Structure formats: structure tokens, C-alpha cells
Amino acid sequence: MTSIFPARKAPDNLPRPVHWGTAAVCRDEEFHPDVWFPVPTDLVGIEFAKGLCRRCPVQMRCRTDALNRGEEHGVWGGLDEDELRAVRRVRRAAAAKQAAQEKQAAEEPGALAKAG
Ligand code: SF4
């Protein structure tokens with residue numbers, strides 16, 4: 001079927017956003033990707049990966065993304081697996097506390113003000 005409208009194409013000279021990951025230290029070919037996935041008992045390897053992350057210009061962005069994705073393995077944004085788990089645990093607890101407060105506020109308006 002032919003269209004009565006002429007075929008339209010977007011111009012291909014529009015600026016494209018550059019992904020933040022292009023500036024990452026772990027993209028450097030000097031280091032093998034396995035550096036960021038040391039076995040959990042390899043404390044020297046973990047500290048080496050964290051040291052590289054500390055030099056990385058996108059460390060916080062990487063950490064935020066890894067936490068939001070729920071990364072369970074490797075060093076991300078300068079945090080090892082245990083630290084990533086700990087941050088997620090704190091976040092979950094804070095979210096649960098906030099949800100409980102909102103539920104209580106919805107059930108008894110003014111209860112939060114009384115509790116101080
Ligand atoms: S902070 Fe993230 S992006 Fe940067 S080197 Fe570490 S793992 Fe790679």
C-alpha cells in the first residue's frame with residue numbers, strides 16, 4: 001500500500017548524547033575486565049579494583065546505576081559486593097520506614113505531628 005504522505009527521514013546530523021560509560025577507567029584496554037570481578041576472598045584484588053574506581057571520573061554515576069540495577073557481583077563505583085549489599089539493605093529499610101509512615105499518615109491524619 002502506498003501512502004499519500006512522502007517518506008520522511010530524520011536528519012542524521014543531530015548531536016547524540018555520549019554515554020557516561022565512555023569515560024570509565026574500566027573501559028581502558030590497559031585493564032582486563034576480570035579486574036573488577038575478583039573472587040570475594042581476594043582482598044588484594046578487591047582493593048586494587050576499588051583503587052581504580054577511585055580514579056574514575058564517573059564513579060558516582062556508576063555506583064548509582066549498579067545499585068539501581070541490583071548488581072550482585074563485582075566492584076562497581078568503588079564498592080565491593082558486601083558494600084553494595086549493605087547500601088541496598090539501608091535503602092530498603094528507609095523505603096519500608098517511609099512507606100509505613102505514609103500508611104500511618106493516611107490512616108490517621110495528624111498522627112505524625114503528634115509523634116513529633
Ligand atoms: S567506577 Fe565504575 S565505571 Fe569507573 S572504573 Fe569503577 S566500575 Fe568502571
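These numbers come from a predicted model, not from an experiment. Below, each value reflects all heavy atoms present in this structure, side chains not excepted, and no hydrogens, waters or symmetry copies. Read the numbers this way: they start at 1 and go in the same order the structure lists the ligands and their atoms.
- Cluster membership check: Trp20 does not share its hydrophobic cluster with Val25, using side-chain heavy-atom separations under 4.5 Å among Ile, Leu, Val, Met, Phe, Trp and Tyr.
- The ligand atoms of ligand 1 that sit less than 4.0 angstrom from a heavy atom of Val75 are 7 (S).
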Q: List the steps, then state whether side-chain contact (heavy atoms from CB on, under 4.5 Å) holds for Glu72 with Leu84.
A: CA-CA 8 Å; Glu72 293 184 1; Leu84 289 168; over 6 Å; no
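- Ligand-side atoms of ligand 1 in range of Cys62: 1 (S), 2 (Fe), 3 (S), 7 (S), range being under 4.0 angstrom from any heavy atom.
- Taking every non-hydrogen atom of Cys56 and a distance limit under 4.0 Å, the qualifying atoms of ligand 1 come out as 1 (S), 3 (S), 4 (Fe), 5 (S).
- Using a 4.0 Å cut-off between charged side-chain N and carboxylate O, Glu71 and Arg63 make no salt bridge.
- Atoms of ligand 1 lying under 4.0 Å from any heavy atom of Gly77, numbered from 1 in the order shown and given with element: 1 (S), 2 (Fe), 7 (S).
- Heavy-atom neighbours of His73 NE2 from other residues, nucleotides or ligands within 6.0 Å: at or below the threshold of 12.
- Atom 2 (Fe) of ligand 1 has no N, O or S atom of Cys53 under 2.8 Å away, backbone or side chain.
- Looking from atom 3 (S) of ligand 1 to the surrounding protein, the closest heavy atom is Ala24 CB, 3.4 Å.
- Hydrophobic clustering (ILVMFWY, side-chain heavy atoms < 4.5 Å, transitive): Val58 and Trp36 are in distinct clusters.
- Against a heavy-atom cut-off of under 4.0 Å, Gln59 is close to the following atoms of ligand 1: 1 (S).
- Note on Cys26: counted as a metal contact of atom 8 (Fe) of ligand 1, an N/O/S atom lying under 2.8 Å.
- We find the CZ-CG distance between Phe31 and Leu52 to be 4.5 Å, quoted to the nearest 0.5 Å.
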